[in-house]
Amino acid sequence: MVKMSETETPPFRYTAALAGEIELRWQAYWAENGTFQAPNPVGELADPAHPRAGAPKLHVQDMFPYPSGAGLHVGHPLGYIGTDCYTRFQRMAGFNVLHPMGFDAFGLPAEQYAVQTGTHPAVTTAANVERYKHQLRRLGLAYDERRSFSTTDPEYYRWTQWIFLQVFNSWFDPSVQKARPISELIEKFEATPEWADLTPAQRREQIDGHRLAYMSEAPVNWCPGLGTVLANEEVTPDGRSERGNFPVFKRSLKQWMMRITTYGDRLVEDLDSLDWPEPVKLMQRNWIGRSRGAHVDFPAGSDKITVFTTRPDTLFGATYMVLAPEHELVDSIAPGAWPNGTKDVWTGGYESPAEAITAYRAQAAAKTEEERTADGKVKTGVFTGAFAENPVNGARIPVFIADYVLAGYGTGAIMAVPGQDERDWAFAEVFQLPIIRTVEAPEDCEGAFTGDGPAINSEWLDGKEVVEAKAAMIAWLEENGKGSGATTYRLRDWLFSRQRYWGEPFPIVYDETGLPIALPDSMLPVELPDVDDFSPRTFDPEDADTEPETPLSRKKDWVQVELDLGDGPKMYTRETNTMPQWAGSCWYELRYLDPHNAEKLVDPANEAYWMGPRQPGDSGGVDLYVGGVEHAVLHLLYSRFWHKVLFDLGHVSSFEPFKKLFNQGYIQAYAYQDDRGFYVPAEEVVERDGEYFHGSQKVTRSYGKMGKSLKNVVTPDEMCDQYGADTFRVYEMAMGPLDVSRPWETRAVVGSQRFLQRTWRLVVDEETGASRVSDAPLDVKSRKVLHKVIAGVREDMAELRFNTAIAKLIELTNTLTPLPTVSREAIEPLVLMLAPFAPHMAEELWGKLGNSGTLAYADFPVADPAQLVADSITYPVQVNGKVRGRVEVSPETDEAEVRAAALEAVAEVIAGREPKKVIVVKGRLVSVVI
RNA sequence: GCGCUCGUGGCCCAACUGGCAGAGGCACACGGUUCAGGACCGUGACGGUGAGGGUUCGAAUCCCUCCGAGCGUACCA
């Protein structure tokens, strides 16, 4: 703890107490004056008198937080402080900066807390939001607070529901690869003769089958432990829920889906237009998992097995087929008895195909995903007893079932080409199946060859390289009606309904047909009703044979509702599912632009200004979006999808929501365990001789996330109390590059405090509080340093390199500290450059320098190019790679002169030998080779 | 297993993208100031860049192999 003796600390020293006083005062000033309000081009937030009205815009956003009950720890605001420093800089550099903050406030924790305590989630959420706002305000984050909202605000989720209706009322037209209003599809249907023969309900069903939001009875991820279904993206690879880690089962249930798969191509291709980290693009590409190839039909008795393959060129090498155990054709193709010549290994030891299939299915179903993975190298399967015909050469090939073929991908069936596929090779070895190479492999190649090469053993394809052979085979398949070129995706449609309370209600009701009806815009928002019991019915986490029951369904007087939807008042039944937590974060970047617009989601003029494309081909979108890499797939994929639907329907001019993405690193912390494995409070641990002690007890150190359970949480509030917000901000930005994770070290924070104290002391007399600044000009040498620092800081700020920018500011401060007089010429730019990092102190010093008001719109210093030219350059002179001498010359000296001077400087080393080569690198060094 | 990213003084990190390894901070040592501690002012020590090889006049930076760490992914046909 910092203890300051009252009698000895000078009254105007920059202590935590003084910092706290200054910070509160400036936070109040900014709030009262609306300092960080950004003007819109039109509407309620337009302000032609604003200093940045009509200026070039910059739209910077953080991934907004879920306001948890635990509040913030020092890791949370890292990105927020980063964007704050960046936007404060760009505002001073002349941009009209939009930097808003909101809250993603629907979600499970508030609901679970409500279940435990009976407190309404809205109450908990509001309290948490207030706490977050308070904590963020204390850090001096310069948000336009008029634009803040929570996704739980009815005025906000009214538009979330509105977008749902847009999606519901659209269909995807493959001929133009975009969404169109469903009314245009209905017109098409009405023009067909069959339409007249359909009943109204049949017509509705047909239309509903094309909507981008639709209901489907399909296998979904049912999580009894949570009492809800989950999206594929919310299920971990080992088949458990991402939240809560409960088992997840595949169950066929009727649920809302969004047709995100229709956007697969655009979601892949438009990644090229984005300035995103490559790993994130890669993760999205992998998740979408587009692969091009062909569908090929294999006749099997009276049935036809369609497979998907990326290697149609290897069809002549297909020596057997494999269906997923769940494939629908398995039972119909399997004969009653094993055919003659069936090998023993194929039967699994069973008497008949039916027995073998039943047993194998049971065995596959009993295995957990983990076991499957662990056994991954040993291929299992069983013969169905059936044969199929290879369509290219009529070969009779056996059909197996095996769990290495997944029901959910492609057609759930493959043609097996062991010569060119490692998995097929492994299976063929176990089941003694023939292997035919159809691509010429290198001499030393053992096992499957997946590389490039000329086709062999493939009749008319022989000699063709892979790419050419693929194209030729697809053409042949199409000509002969045996298949066609095809593209498949790993991406599945997005499961959009949840059996929870704390989410957006669907703006959907059902009539007596049981078919969904969209509520008109005028009935939005559909407000979440109060209920007594917030919990969905949960079950034994292991009991797959259970049915979801939504909290809203118990609210009978809400579920049954009388409405006039055009044909008089009638009773309807409300949808009782709610939307997933992603819904609110799918479009929030748009609402910041026009947060109070009651007529529109966002006024087109405001959207075009803040997010519209800047030049042809530009995607538009938020200029800089900062957040954790953990949202690489879920949030970023869903919001791209919604944005594209809104784009297709003409509601926005940008076709991507986030132009540039930046993943900030994480602040992690050490945790300490005693010999029983219990965590001890990290702040009580001391280090002695490389070992760690809690009291007298030795403890072991580990490294990881900050959290209550690890007893290593440090909060921004503690840092503000001990050092002040400005010191905390400077420390977080100085400790390393924004995108690198690093350990928190409280004892190092004092370095940032000393820096700010030194800067303060340059301007303020610690005894009297008066300014020490003089109008005397800066000395020539320090002036050079000043301008070098200005140039460097500007560059660093623009590239988000705050750690090096701060290092340069410290360097400048250290240069000024020993000088006999403190020159305004240096101090003013120093204060301005410090403002993005330590805004409160900078404002205070700006006032001490005789200015009034805020420096938020003051011009960021610009270096004088004349001052960036060095007086002289010292060239190190290398001889055979080693520095042997130096020459100092004026910057204008031409190369020949530098060379001559350099040779003279190392004449002794050269000792008369003739240099083989002399390299003069201008401004850097001279290298002599002898 | 595969893919990506990264290894620089005791620690957190710089190094103009091939040009004298060190900007900044923490910790440390010494001196000044101080009743003392802290703070402050000044001075200083510390590594040749994970290991090995290659390209080059010159490598922390480019290439190859290996070691280690982090992240992602896992039979996707």
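So that the names make sense, note that chain A is the first sequence line, chain B the second, and so on, each numbered from 1. Reckoned from all heavy atoms, side chains included, excluding hydrogens, waters and symmetry mates.
- B:rC2 sits 30 Å from B:rG18 when the P atoms are compared, rounded to a whole Å.
- Of the nucleotides present, none pairs with B:rA60 by Watson-Crick or G-U wobble criteria with both distances under 3.5 Å.
- With a 3.5 Å ceiling on both atom-pair distances, the Watson-Crick or G-U wobble partner of B:rU73 is B:rG1.
- For the pair A:S741 and B:rG70, the criterion of a side-chain N or O lying under 4.0 Å from OP1 or OP2 is not met.
- Between the side chains of A:Y672 and A:T700, no donor-acceptor pair is found at a separation under 3.5 Å.
- Across all strands shown, B:rA51 is found opposite B:rU65 as a Watson-Crick or G-U wobble partner, with both distances under 3.5 Å.
- Taking the side chain of A:P876 as heavy atoms from C-beta on, and the options B:rC20, B:rA77, B:rA14, the nearest nucleotide is B:rC20.
- Among residues two or more places apart in sequence or in another chain, the side chain to side chain donor-acceptor pair (under 3.5 Å) test is passed with A:D452 by none.
- Nucleotide B:rG70 holds its C1' atom 14 Å from the CG atom of A:D739, rounded to whole Å.
- Using Watson-Crick or G-U wobble geometry with both donor-acceptor distances under 3.5 Å, B:rU34 finds no partner in any strand shown.
- Going from the P atom of B:rU65 to that of B:rG72 covers 25 Å, rounded to whole Å.
- Taking 4.5 Å as the limit, every side-chain heavy atom of A:E799 sits out of range of all side-chain heavy atoms of A:R794.
- Residues passing the side chain to side chain donor-acceptor pair (under 3.5 Å) test with A:T411: none are found, sequence neighbours excluded.
- Applying the Watson-Crick and G-U wobble criteria (two distances, each under 3.5 Å), B:rG9 pairs with nothing in any strand.
- The residue among A:T817 and A:Y489 whose nearest nucleotide of RNA chain B is located toward the 5' end is A:T817.
- In terms of modelled atom types and a separation under 3.5 Å, the side chain of A:R886 and the main chain of A:T874 share no donor-acceptor contact.
- Syn is the glycosidic conformation of B:rU17, whose angle stays within 90° of 0.
- Summarising the geometry, the separation between CE on A:M283 and C1' on B:rA74 is reported as 15 Å, rounded to the nearest angstrom.
- Relative to the side chain of A:L406, the nucleotides B:rC4, B:rA77, B:rC20 differ in distance, and B:rA77 lies closest.
- The closest donor-acceptor contact from the side chain of A:D313 to the backbone of A:V466 lies at 3.5 Å or more, if one exists at all.
- If you check every strand for non-hydrogen atoms under 4.0 Å, A:R742 touches sugar and phosphate atoms only.
- Rounded to a whole Å, the CD atom of A:E766 is 12 Å from the C1' atom of B:rC41.
- Judged purely by distance below 3.5 Å, without hydrogens or angles, the side chains of A:T759 and A:Y14 never pair a donor atom with an acceptor atom.
- Rounded to whole Å, the P atom of B:rC4 lies 12 Å from the corresponding atom of B:rC63.
- Whole-Å rounding puts the A:F802 CZ to B:rA14 P distance at 14 Å.
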At under 4.0 Å between heavy atoms, which parts of nucleotides 23-30 of chain B does protein reach? Answer with one letter per nucleotide, 5' to 3': B base, S sugar-phosphate only, - none. BSSSS---

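- We find that A:E766 and A:R761 are joined by a salt bridge, their nearest charged nitrogen and carboxylate oxygen being less than 4.0 Å apart.
- Annotation: B:rA45 and B:rG24 have their P atoms spaced 14 Å apart (nearest Å).
- Every residue meeting the side chain to side chain donor-acceptor pair (under 3.5 Å) condition with A:E234, not counting sequence neighbours, appears here in chain and number order: A:R498, A:W582.
- If you measure from atom OH of A:Y409 to atom P of B:rA77, you get 4 Å, rounded to the nearest angstrom.
- B:rC75 sits 25 Å from B:rA69 when the P atoms are compared, rounded to a whole Å.
- Note: A:F400 and A:Y320 have perpendicular aromatic rings, judged against thresholds of 30 and 60 degrees for the angle between ring planes.
- Base pairing annotation: B:rG18 forms no Watson-Crick or G-U wobble pair, as no partner gives both donor-acceptor distances under 3.5 Å.
- For B:rC20 and B:rA59, the C1' atoms lie 14 Å apart once the distance is rounded to whole Å.
- Scanning for side chain to side chain donor-acceptor pair (under 3.5 Å) contacts around A:D796 gives A:R801, A:T804, A:K808, with sequence neighbours left out.
- Under the Watson-Crick or G-U wobble criterion, with both distances below 3.5 Å, B:rA23 has no partner in any strand shown.
- A straight line from CD of A:Q757 to P of B:rC41 spans 9 Å, rounded to a whole angstrom.
- Comparing the C1' positions of B:rA21 and B:rU8 gives a spacing of 8 Å, expressed to the nearest Å.
- For a distance-only test at 3.5 Å, the side chain of A:R886 qualifies as a donor-acceptor partner of the base of B:rC20.
- When rounded to the nearest whole Å, the span between CD of A:E732 and P of B:rC13 equals 13 Å.
- If you take atom P in B:rA23 and the same atom in B:rC40, they sit 22 Å apart, rounded to whole Å.
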Please list, for nucleotides 57-60 of chain B, all pairs of protein and nucleotide N/O atoms separated by less than 3.5 Å.
unit_1 : atom_1 : unit_2 : atom_2 : d
B:rC57 : OP1    : A:K917 : NZ     : 3.0
B:rC57 : O2     : A:S927 : OG     : 2.6

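- In this structure B:rG7 sits in the anti conformation; its chi angle is more than 90° from 0.
- Ranking B:rG3, B:rC75, B:rA77 by closeness to the A:V405 side chain, first place goes to B:rA77.
- Residues A:K304 and A:T306 meet the side-chain proximity criterion, which asks for heavy atoms closer than 4.5 Å.
- Contacts of A:V740 with the nucleic acid, taken as non-hydrogen atoms under 4.0 Å apart, involve only primed sugar atoms and P, OP1 or OP2.
- One interatomic measurement links the two molecules: CZ of A:F427 to C1' of B:rA77, which rounds to 14 Å at whole-angstrom precision.
- A residue-by-residue look at A:G736 and A:R761 shows that A:G736 has its nearest nucleotide of RNA chain B further toward the 5' end.
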